[in-house]
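Counting starts at 1 for both ligands and their atoms, following the listed order. Positions are given from 1, in the same order as the sequence printed here.
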Amino acid sequence: MKDEIQTPADRSANLKGMGCSRKRVEDVRFTQGKGNYVDDIKLDGMLVGDFVRSPYAHARVTAIETEAALKVPGVLAVLTAKDLEPLGLHWMPTLAGDKQMVLADGKVLFQGQEVAFVVATDRYAAADGVAAVEVEYEELPVVTDPFRALDPDAPVLREDLAGQTEGAHGPRRHHNHIFTWEVGDKEATEKVLDEADVVAEEMVYYHRTHPMPLETCGCVASMDKVTGKLTLWGTFQAPHAVRTVASLISGIAEHNIRVISPDIGGGFGNKVGVYPGYICSIVASIVTGKPVKWVESRMDNLMSTAFARDYWMNGRIAATKEGKITGLWCHTTADHGGFDACADPTKFPAGFMNICTGSYDIPVAYLAVDGVYTNKAPGGVAYRCSFRVTEAAYFIERMVEVLAIKLGMDAAELRRINFIREDQFPYQSALGWEYDSGNYHAAWDKALTAVGYDALRQEQAQRIADFKAGKTRKLLGIGLTHFTEIVGAGPVKNCDILGLGMFDSCEIRIHPTGSAIARLGTISQGQGHATTFAQIIASEIGIPADDITLEEGDTDTAPYGLGTYGSRSTPVAGAATAMAARKIRAKAQMIAAYLLEVHDGDVEFDVDRFVVKGAPERFKTMKEIAFASYNQAIPGLEPGLEAVSYYDPPNMTYPFGAYICVMEIDVDTGEHKVRKFYALDDCGTRINPMIIEGQVHGGATEGYAIAMGQEIVYDDMGNHKTATLMDFFVPTSWETPHYTTDHTVTPSPHHPIGAKGVGESPNVGSVPCFSNAVHDAFRPFGLVQSHMPHDQWRIWKIADDLGLHG
Ligand code: CDP
C-alpha cells in the first residue's frame, strides 16, 4: 500500500489524536438543527402524559376526582397511586436507599409533587385534563428549615417510616432524621482543637440550587405488546443503570427492555435519577398499548426533578500561630427534602464530602453529616460535581480564608504553607482518600505570577485608602481558590449505584478498510465524547480520528457502563477505551509480524503502523493490517480485529486547579464587575485542549451563576419562589465574565493515558473563587462570613451591615 504521508510528525498530525484541538464532530449536526433530542421523537399514535402537581408543600390528599378530566376530549386515562398500587409501582426506590412516592399516596411532601398522571392524544388535551382533575387537600404544618425539622415537636413528614429507627445508612434518631455519616478521628481532632494556638469557627452555607440543563427531563415509553419489548428513549445520564432498574421495578425481563439516550441537551447531574415521569410513561404505554411521551416544562424541572447542594457546614479549623493547619472539624446538616433521592454511590450518603480537607496537608480531621427531611423537593444531585465535592471545596476554601483573617495572614501565603507537597504523593488524606498525583505549589506560583498578585494587593491597599478618604465608592476583591477534585468513580470495591459496580466500558471494531466504530457505556450530554474518545483510539492504534465513529447511549448495542456524571467518563471509560485499543494493537502486532515474516517481538508500533525493528522501510500500516485480519487466514488467530474492555479503575483521579478572581464592587448599589478571572486547571494528560477550555468556560459560568445569584428559594409555607427563569438566575453572554485559562500537566500515575477528569473542576473551583472575591473586598471592614448567592441586594446589605453607607 502506498505510504502517502511520509514523516512521523505528518502521520501523527493526520491522526488528530491526543493533544490535538480537534474540532467537535458533533457540532456539524447541532449547528444545523440536526440534533435528535427526546422531544424530537414522534411515533405513530404517540400519546402525551402530564402531571397534576400539588400546590401544597405538606398536605393530606383526601380525594382525587378524575371523572371530569376523563370527559375532556382527547384524554384517555388518568393514573393515580391507587392504579399503580396493584402493580407495586406507587412507590419507587431512590438511589440513596430510600423510597419515593411515584404518585401521591395519601399525602404530599413538597410543592409540585406528582399527584396524578393524565394521558391524552396531545399536550394541549393533557393540559386541559390536568386542569380538570379535582384534588382535595387537607393542609399540614410545613417545615422548610432543616434545623427546625429536628426539633422534638416538629411535624412528622414521613409517616410511612413511623417507628423505623434504622435507615439505609444506619440509625435514625428523630422522625425527620435520615442518617448520620461520620468519617475521621473525632477524639483526636477535638483534642487538637482544644490545644491549638488558633481556632477559627464558622457556619458555611452552600445554598440550594438546581442544575437546570437547557433541555428538561423527559422520555418516550413504547411497549410492543406483540413482542413484549419495551423501548424507552429518555434523557438518561446512565442508560444501562436505567434499564436494570426498570427491569427490577417492573418485572420485565432485562433483555426485553431497550433504553436509548438520544442527544441530550445538558445533564449536570439532573438526569441521573429516576423520576415519576419515567414510571408513569411506562405504565401508561402498557395500559394504552401506545407510545407515551412525557417531557417536563421548565417549571416542572425547577420544582420537582432534583436540586443540588443545600448543605449547612459548621466548621472549625485549628492552626499554629505561624499558620500551619493542625486539624479540621466539620458538622454538616444536609437538607434532603421530602425523600432521600441523593445520587451518590451507596456507601457514601454524603457523596465525597470527605474530600473537604482539600489541597492541604491536615494531620487530623473529622466529618459528620446529618441528613434531614424537610418539605422541599427531593434530589441532592451532583450538579456538575463529583458527589458533594463542590460543597467540600467551598467549605475548605472558606475556612482557609476565615483562618487567614483570624491569623492576620495573607490567604495566598497561608495556602502555600499548607499545601500537600509534590513529594508527599500518593498522599493519604486524614479522611480516607489516596490522592494520586499533584504539584500544587507549581500551579499556585504560576497562577499568582500570571495575575500579578503582589501588584494586585498593592492596588487593593491603595483602593482601601482612597475609599476611606472618600475618593472612591468602589472596593476591590481578590478571590483565591486552590481546589482538589476527586473524580472517576470508581473502584468497584468502593463505589456502586444500587448495587451496580461503577466500572465502565468500551468496545472497538476495526472495519476491513481500516476505519472503525467504538461504543462506550457512557453518554455525552454536550461534552464532546464523539470527538475526544476517537482521539484516544487514534493515538493508541494509529487510525485517524476522522475515520472512527463513536456511539453511546443504546443499551442494545453499547457495552454495559455506569454512565456519565461526576467527570467519570475520561477517568473510567477513557481508560477502558485505551485498554480496548491496546488489545487491538496487540493483535495487530501479531498480524503485522506474520505479514512481514518476522517474530512478534521484532516489530514495533510507530504512529500508524508496525515497523520491523532496525528496518523502518519494512512496515505494515494499520490499514493493511485491518484488511489482512479479514482477508487472510493467519495461523493461531481468529479473523477480525475488535476488542472490548470493562475497566475497573484502581483509584479515583484527583484533578486540581488554581483560580483567581479580581472583582470590583460598588458599595452603594451592590453591583459587581468581574475584572479578571484566571483559571489554571491540571487534569493530567490533556486529550483535547479546545474541549477542555470549553468545559472550563461552561463550568465557570455555572459557578458564577451559583455564587452570584442562582438559588432555589422556598417561603415558610413551602412555596417555591424561583420556578421560572424570571427568578432563577442563568447568566447570558451579557453577565458572563471573560475567562483566562491556563494549565499545568501532572498525569495520573494509574490511568492508562494519565488523564484525569475536567468537566466538573471549573464549577467546583469557581464558586469559592467568586465568593472569596466578594468576601475579600469587605475583609478590611470586618466581614468574616456571608452566605451565597452574592446577588446585588445581598452585597448591598453586607455594605450596609458594615456601616459603609454612612
Ligand atoms: O464525564 P464527563 O464527560 O462529564 O467529564 P470528563 O471526563 O471530565 O470529560 C469532559 C470532556 O473533556 C470530554 O470530552 C473529555 O474527553 C475531555 N477531556 C480531555 O480532553 N482531557 C482530559 N484530561 C479530561 C477530559
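No donor-acceptor pair closer than 3.5 Å links the side chain of Arg388 to the backbone N or O of Asn354. Checked by atom type and distance alone, the side chain of Thr564 never pairs as donor or acceptor with a backbone atom of Thr522 at under 3.5 Å.
Closest approach of Ser748 and Asp436 over heavy atoms only: OG-OD2, 2.8 Å. Shortest non-hydrogen contact noted between Gly521 and His240 is O-ND1, 4.4 Å.
In this structure, Asp682 does not pair ionically with Lys756, as no charged nitrogen and carboxylate oxygen lie closer than 4.0 Å. In this structure, Glu642 does not pair ionically with Lys583, as no charged nitrogen and carboxylate oxygen lie closer than 4.0 Å.
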With the criterion set at N/O pairs under 3.5 Å, what does the list of contacts between the protein and ligand 1 look like, atom names and distances included?
unit_1, atom_1, unit_2, atom_2, d
ligand 1, 1 (O), Arg568, N, 3.3
ligand 1, 1 (O), Ser569, N, 3.0
ligand 1, 1 (O), Ser569, OG, 2.7
ligand 1, 3 (O), His529, NE2, 2.7
ligand 1, 3 (O), Ser569, OG, 3.3
ligand 1, 4 (O), Gln527, NE2, 2.9
ligand 1, 7 (O), Thr570, N, 2.9
ligand 1, 7 (O), Thr570, OG1, 2.6
ligand 1, 8 (O), Val758, N, 2.6
ligand 1, 8 (O), Gly759, N, 2.8
ligand 1, 9 (O), Thr570, OG1, 3.4
ligand 1, 14 (O), Gln527, O, 2.7
ligand 1, 14 (O), Thr532, OG1, 3.0
ligand 1, 16 (O), Thr532, OG1, 2.7
ligand 1, 20 (O), Asn688, N, 3.0
ligand 1, 21 (N), Ile687, N, 3.1
ligand 1, 23 (N), Cys683, O, 3.2
ligand 1, 23 (N), Thr685, O, 2.7
ligand 1, 23 (N), Lys756, O, 3.1

